[in-house]
Protein chains: 2
Amino acid sequence: MARKTKAEAEQTRHRIITCSRQVFSRAGVTNTSLEEIAHEAGVTRGAVYWHFKNKADLFLAVRAETGRLLKLERTGPGDALQRLERGLLVALRRLEDDAEARASYEVMLWKCEYVGEFSAVRDDLMGAGAAFLADASHLYQEAKTAKLLPLWLEPEVAALETLCFYAGLLKIWLADPTGKLCRSQAAAAITQHVRSRRAGTLRSASAKRS
Amino acid sequence: MARKTKAEAEQTRHRIITCSRQVFSRAGVTNTSLEEIAHEAGVTRGAVYWHFKNKADLFLAVRAETGRLLKLERTGPGDALQRLERGLLVALRRLEDDAEARASYEVMLWKCEYVGEFSAVRDDLMGAGAAFLADASHLYQEAKTAKLLPLWLEPEVAALETLCFYAGLLKIWLADPTGKLCRSQAAAAITQHVRSRRAGTLRSASAKRS
DNA sequence: ACCTTTACATACATGTCTGTATGTAAAACT
DNA sequence: AGTTTTACATACAGACATGTATGTAAAGGT
């Protein structure tokens, strides 16, 4: 077989990653052989082993290519709670629109066993969680300073609560393809989650954006 | 080898389940062979195949033996929100105290790929989630009737939010053995989660139990 | 134009796991 | 007491995945 150009090689590499995600989400990470992935990508295992050390390395690449779903803007339009809500809603929308991201997270949350080398991905996931915690804490702190929050609310605890809420929402949302349990009300849950933090009943239906 | 009495047989069956949980939590479900489980339990694969159809069946038994962590009391002492909080805290405490339950949930949430026959366990998990949703909705409805909640809060959405929060807390808690990220503040997060629902700032530090 | 490296395909050797079939001795039943 | 069933242990055959070793033809550099 003719040797491929660098661009073509990079293309194959990307194709292998994409196909991996697909097969992983069908059969689970451990149950898929590199042979299946290679077949799906129209290559042989030789190609897979050329681009990746082993299956764990490949899975890492899938994770890396997907990146984080949730990112908060520490500064920007609207008050801190509005920015928080927006971040959560944007993440949800990406989950709905981006089929590849959806598949990636389905694999990471439901179709993978975090053991041995694979623990690296879980650690990365938890690292993302820690980063979110920092950002959310910052936003809650800002909101507290702006007197948007009840006095007794501790920003760091609130951030942890939001992290847990989001993590659980993601996991349940992915396992609820009929939408009966969670998907239909996911956005409402996010809105209400943020709203239930606003101090007192001062704010009623006003959610104006600046 | 001498045939065992019924009681002894039941004992081996239970031992196989317990050892499965242990090995699963070490190596992940897919990566553990029935041979390993049998060895750990001091029997051969013959015994495992006698008691269980296959690995999925065995995993189902582990799940069944563990049962649910979270149960809400629709009636009982305290108002609806207090009962909700108590349910959440009791579940957290069991997670801390009951090593077997902890291992089971670690396996179910981090060490298993829900594919093929294993999907049954995920469906069961989601069924438990749906049951929780029903109970929590009931409690929130009761709380709303008792004017404990802000007027705009919808009981069903609030229940979903609590379900997500709890699911995420469970998952993150299990992946945070150092305690830095989540474990140290888990109870506080639960308390604050429930508290942030109470209407206005009417209730400050009073959390009296009747 | 030559040489080296690349980007794979092919072939192989090995280990491992699964399911089933068969053996067996004692428990449990009649 | 005799027969049947139970609760395993043992043995076997087949499938499959992995990692590596080797081949190869063209790309890319000089």
Side-chain angles (χ1 to χ4, degrees), chain A residues 1-20 22-62 107 111-113 115-118 120, chain B residues 1-20 22-24 26-62 107 111-113 115-120:
Chain A
M1 272 235 155
R3 175 184 167 193
K4 305 294 175 61
T5 161
K6 274 193 176 181
E8 288 173 321
E10 187 54 37
Q11 199 175 328
T12 355
R13 185 190 133 92
H14 182 261
R15 185 152 28 93
I16 290 172
I17 293 179
T18 298
C19 292
S20 292
Q22 220 172 328
V23 183
F24 284 162
S25 87
R26 262 194 277 131
V29 175
T30 312
N31 274 312
T32 51
S33 64
L34 296 185
E35 168 67 32
E36 289 178 75
I37 292 173
H39 180 80
E40 184 91 6
V43 293
T44 68
R45 273 169 53 240
V48 177
Y49 274 105
W50 172 256
H51 286 285
F52 306 94
K53 187 184 161 198
N54 52 30
K55 204 201 289 180
D57 190 34
L58 180 49
F59 181 52
L60 235 65
V62 171
V107 171
K111 308 286 182 68
C112 178
E113 301 178 5
V115 162
E117 295 188 69
F118 293 90
Chain B
M1 272 233 158
R3 174 185 167 192
K4 305 293 175 62
T5 162
K6 275 192 175 180
E8 287 173 321
E10 186 54 37
Q11 199 176 327
T12 37
R13 185 189 135 92
H14 182 262
R15 185 152 26 93
I16 290 172
I17 293 179
T18 298
C19 292
S20 292
Q22 220 171 327
V23 183
F24 284 162
R26 262 194 277 130
V29 175
T30 312
N31 273 312
T32 54
S33 63
L34 296 185
E35 169 66 31
E36 288 179 75
I37 291 173
H39 180 80
E40 184 91 7
V43 293
T44 68
R45 272 170 53 240
V48 177
Y49 274 104
W50 172 255
H51 286 285
F52 306 95
K53 187 185 161 199
N54 53 29
K55 205 202 288 181
D57 190 34
L58 180 50
F59 181 53
L60 235 67
V62 171
V107 171
K111 308 286 181 68
C112 178
E113 300 178 5
V115 162
E117 296 188 69
F118 293 90
S119 300

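Protein chains get the first letters and strands the later ones, always in sequence-line order, with residue 1 at the start of each. Every value quoted in this text rests on a predicted model; they were computed, and no experiment measured them.
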Pairing residues for A:Arg15 by the side chain to side chain donor-acceptor pair (under 3.5 Å) criterion, not counting sequence neighbours: none

Go through the structure and list residues passing salt bridge (Lys or Arg N to Asp or Glu O under 4.0 Å) with A:Arg13, not counting sequence neighbours. A:Glu10

Which ones in residues 50-62 of chain A lie close to DNA chain C, meaning a heavy atom under 4.0 Å from one of its atoms? A:Trp50, A:His51

Sub-4.0 Å heavy-atom contacts from residues 25-43 of chain A onto DNA chain C, ordered by number: A:Val43

Over the length of the helix from C:dA1-D:dT30 to C:dT30-D:dA1, how much do the five-pair end axes diverge, rounded to 10 degrees? 30°

Test of understanding: with side chain to side chain donor-acceptor pair (under 3.5 Å), list the residues that count as partners of B:Thr30, not counting sequence neighbours. A:Glu113

For A:His14, the side chain to side chain donor-acceptor pair (under 3.5 Å) test, sequence neighbours excluded, returns A:Glu65

Atom pairs under 3.5 Å, N or O on each side, protein against nucleotides 20-23 of chain C: can you list them with distances?
none

Residues passing the side chain to side chain contact (heavy atoms under 4.5 Å, CB included) test with A:Gln22, sequence neighbours excluded, are A:Glu40

Residues two or more places apart in sequence or in another chain: which of them pass side chain to side chain donor-acceptor pair (under 3.5 Å) with B:Asn54? B:Glu117

Listed partners of B:Leu34 passing side chain to side chain contact (heavy atoms under 4.5 Å, CB included), at least two apart: B:Ile37, B:Arg45, B:Val48, B:Tyr49, B:Lys55, B:Leu58

Note: contacts of residues 7-15 of chain B with DNA chain D (heavy atom, under 4.0 Å) are B:Ala9, B:Thr12

